[in-house]
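What follows is a single structure, written as structure tokens, with notes after it.
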Amino acid sequence: MTAVIAPGSPRVAPATGVASWFSDGWAVTKRNLIKIKRSPDMLIFAVLQPIMFVLLFSQVYGGAIAVKGTDYTQFLMAGIFAQTVVFGATFSGSAMANDLKNGIIDRFRTLPMSSSAVLIGRTNSDLVLNGISMVIMMATGFAVGWRVNGTPLEFLAGVGLLLLFSYAFSWVMALLGMSVKSPETINNASFMILFPLTFVSNAFVPSDTLPTALRIFAEWNPVSSLVQTARELFGNEGSTPTPDVWTQQHSLATVLIGIAVMLVVFVPWCIRRYESISSR
Amino acid sequence: MTIIEARGLTKRYKSKSGPVHALDGLDLSVPRGTVKALLGPNGAGKTTTVKVLTTLTRPDEGSATIAGIDVLADPRATRRVIGVSGQYAAVDENLTGFENLDMIGRLYHLGRAESQRRARELVDMFDLTAAGDRPVKGFSGGMRRRIDLAGALVTNPEVLFLDEPTTGLDPRSRLSLWGIITDLVKEGTTVLLTTQYLEEADQLADDISVIDGGRVIAEGTSDQLKEQVGGHRVVVSLMTSDAREEAVRILTRYGDGEPVVSSDGRTVDVGVTNGPQSLQSVLADLEASGIELHDAGMRRPTLDDVFLRLTGRSTEVNAGDPDETAGPSGTKPKKPKKPKRSKEKAA
Ligand SMILES: Nc1ncnc2c1ncn2[C@@H]1O[C@H](COP(=O)(O)OP(=O)(O)O)[C@@H](O)[C@H]1O
Ligand SMILES: [Mg+2]
């Protein structure tokens with residue numbers, strides 16, 4: 001090792017404001033994307049899982065589940081999209097828990113960076129991962145006969161809404177990730193919550209086919225509103241009447257309110273939590 | 001001039017067995033350009049002190065300033081003047097060594113070109129040129145440590161915090177790390193390091209704060225601390241441990257305090273005021289009692305003795321503390337061998 005450690009290197013480099021906020025967010029996003037690139041298993045999982053879901057549901061249940069006015073594959077796709085992006089958001093939680101465990105959060109917290117950058121980088125890169133999943137799912141859907149009946153603008157609005165929802169939900173999961181003791185907890189806990197949330201909904205079957213208690217849950221379930229909106233925007237809803245519940249009749253408004261609430265509540269909460277956590 | 005100043009730091013944690021006083025009124029003051037060692041056993045509060053000073057943890061009470069900046073009021077400004085290498089290497093496994101350092105440079109807002117230049121420079125300086133472009137995943141413990149330390153040096157900070165920098169390193173890596181720290185100090189960096197190794201504090205630090213139970217229990221240069229235990233120690237090794245009790249009696253006669261018996265019962269030592277004379281008297285009495293000696297001599301007290309005197313516990317006792325192996329990164333630090341006392345004896 002050479003004797004001189006610090007030949008004329010900069011002592012202090014203050015930078016403030018929007019520019020540093022962007023560059024910090026980007027530095028962390030880049031780090032997360034490198035990780036995705038370097039762990040092919042993660043990418044393969046993100047790609048194969050949606051393919052498997054699309055094929056499994058459309059081919060296995062396609063014949064058994066009847067949907068009025070359209071075929072099951074058309075009906076199914078919005079449901080699969082919603083389920084995938086909701087589950088995709090849990091990655092933000094387990095990644096935060098991992099970063100905390102590995103001590104890298106401690107490193108970040110001793111740097112003069114913007115305190116939201118780590119969270120923004122996290123949720124950004126998970127959005128990218130979810131976007132990749134979406135593209136793969138759509139391609140698979142087209143291959144098994146899914147067709148979009150809405151206008152191109154409606155189609156883009158549907159995709160955008162799904163991704164925005166998953167982005168907002170990432171913040172909820174990130175908070176969970178910073179609150180649990182180990183990354184395993186977050187995986188187990190999210191399965192316990194997300195399976196009922198996505199399956200007791202209109203994602204895979206029209207909610208009016210469910211027993212009363214489950215039907216009421218499904219109708220008020222925000223995931224149902226997301227699915228309903230996407231389905232309508234893609235023109236895949238068939239002739240099943242929309243349940244006479246406010247959250248279904250005004251599904252777009254419900255989803256937008258849901259997204260706004262998640263962001264308004266959880267973004268500041270996450271940042272506050274981040275500012276006091278440290279690995280142990 | 002004082003660059004790190006902490007007053008009355010307290011920090012309580014809740015635990016199953018009631019509240020833990022991780023810090024219990026800790027005071028600290030470090031002059032610019034010096035090395036301060038926080039010396040203490042596991043659980044003494046070393047890491048908590050470092051976390052408070054590096055803005056990771058807020059204390060319940062107390063205040064701290066670094067380079068005139070109020071750490072609690074302005075953590076962001078504090079972060080611009082410090083570099084930190086925590087107890088467990090905080091590096092991203094998926095990034096290469098270079099990428100880790102480049103990212104840190106960006107987060108210090110050095111700009112693209114400067115970040116990359118500095119990252120490359122540090123990779124080379126830390127002898128990681130060959131491995132620098134491989135993901136850290138495949139690095140050995142010593143290499144991770146070096147990358148982590150390099151991360152603390154990206155901006156050549158005024159104040160460097162190193163929490164147990166050599167725990168778990170092999171002797172060669174330890175020595176090279178000591179070399180780096182010494183060089184940094186020559187260039188004017190102030191270093192606060194924590195350690196469980198008396199030898200390390202002895203080697204590196206200008207000034208030592210012995211901490212236990214979240215409080216500073218003694219402070220001073222290594223020589224000043226040794227002074228507290230007495231000028232010299234008389235050490236005798238017995239041929240058989242049977243003669244131990246008689247030897248203890250004789251050493252008590254000439255010593256300043258209680259003699260200390262080694263765990264195998266064959267070495268007894270005691271602090272004395274007048275070294276040579278006491279040694280002669282002890283030897284004469286031992287001979288008169290017919291006690292056979294393996295070895296005998298006089299030595300300067302070590303920090304081990306200081307610690308024992310201050311806490312009533314030997315540092316060896318702490319070696320088995322389960323806390324130490326529970327690193328968050330799963331890398332289990334192993335203890336480098338401590339020098340055996342008997343080897344330090346002057347014949
Ligand atoms: N986050 C925490 N939660 C609960 N107890 C803690 C936490 N951090 C430290 N402690 C406790 O505080 C005491 C001091 O810990 P620490 O500062 O890590 O000691 P050291 O670094 O000297 O080994 C220990 O008893 C430890 O168990
Ligand atoms: Mg510690």
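To find a chain, count down the sequence lines: A is the first, B the second, and so on, and within it residues start at 1.
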Top of A:Asp24, A:Ile277, A:Ile105 for chain B proximity - count of heavy-atom pairs under 4.5 angstrom: A:Asp24
Inter-residue atom distance A:Leu111.CG - B:Arg76.CZ, 0.5 Å rounding: 10.5 Å
Under 4.5 Å from a heavy atom of chain B, the part of A:Lys37 involved: neither
Side chain A:Arg109, main chain B:Leu56, donor-acceptor under 3.5 Å: yes
For chain A, the option from B:Gly86, B:Gly151, B:Ala150 that forms the most heavy-atom pairs under 4.5 Å: B:Gly151
Under 4.5 Å from any heavy atom of chain A - which part of B:Asp102: side chain
Minimum-distance pair of heavy atoms, taken over all atoms of B:His109 and A:Pro112: CE1-O, 3.5 Å
Enclosure of A:Trp269 CH2 (heavy-atom neighbours >12, cutoff 6.0 Å): no
Residues which pass side-chain hydrogen bond (donor to acceptor under 3.5 Å, both in side chains) with A:Ser39, listed by chain and number, not counting sequence neighbours: none
Spacing of B:Asn94 atom CG and A:Arg31 atom CZ [to the nearest 0.5 Å]: 8.0 Å
Ion pair check, A:Arg38 and B:Glu99, cut-off under 4.0 Å: yes
Pair A:Ser278-B:Lys51, side chain to side chain contact (heavy atoms under 4.5 Å, CB included): steps then yes or no: CA-CA 9 Å; A:Ser278 169; B:Lys51 283 192 171 182; 2.8 Å; yes
Under 4.5 Å from any heavy atom of chain A - which part of B:Ser115: neither
Reported CG-to-CD1 distance for the pair B:Asn100 and A:Ile104, which is rounded to 0.5 angstrom: 6.0 Å
Cationic N near anionic O, under 4.0 Å, B:Asp92 to A:Arg107: no
Atom of B:Ala90, atom of A:Gly103 and distance for their closest heavy-atom approach: CB-O, 3.1 Å
Which portion of A:Ile34 sits near chain B, non-hydrogen atoms under 4.5 angstrom: side chain
Interface moiety of A:Ser23 toward chain B, non-hydrogen atoms closer than 4.5 Å: side chain
Contact class of B:Pro75 relative to chain A, heavy atoms under 4.5 angstrom: neither
Step-by-step side chain to side chain contact (heavy atoms under 4.5 Å, CB included) determination, B:Met103 to A:Val28: CA-CA 8 Å; B:Met103 174 180 73; A:Val28 179; 5.6 Å; no
Can you give me every donor-acceptor pair (side chain of residues 185-194 of chain A, partner residue at least two apart or in another chain, under 3.5 Å) with its distance?
| residue | atom | partner | partner atom | Å |
| --- | --- | --- | --- | --- |
| A:Thr185 | OG1 | A:Ser182 | O | 3.2 |
| A:Thr185 | OG1 | A:Ser182 | OG | 3.1 |
| A:Ser190 | OG | A:Ile186 | O | 2.8 |
| A:Ser190 | OG | A:Asn187 | O | 3.1 |

Inter-residue atom distance A:Trp26.CH2 - B:Leu107.CG, 0.5 Å rounding: 13.0 Å
Between CZ on residue B:Phe161 and OG1 on residue A:Thr110, distance to nearest 0.5 Å: 10.5 Å
Engaged part of B:Val91 at the chain A interface, taking heavy atoms whose separation is under 4.5 Å: backbone
Chain A contact via B:Arg106 - which portion, at a heavy-atom distance below 4.5 Å: both
Whether over 12 other heavy atoms sit under 6.0 Å from A:Lys181 NZ: no
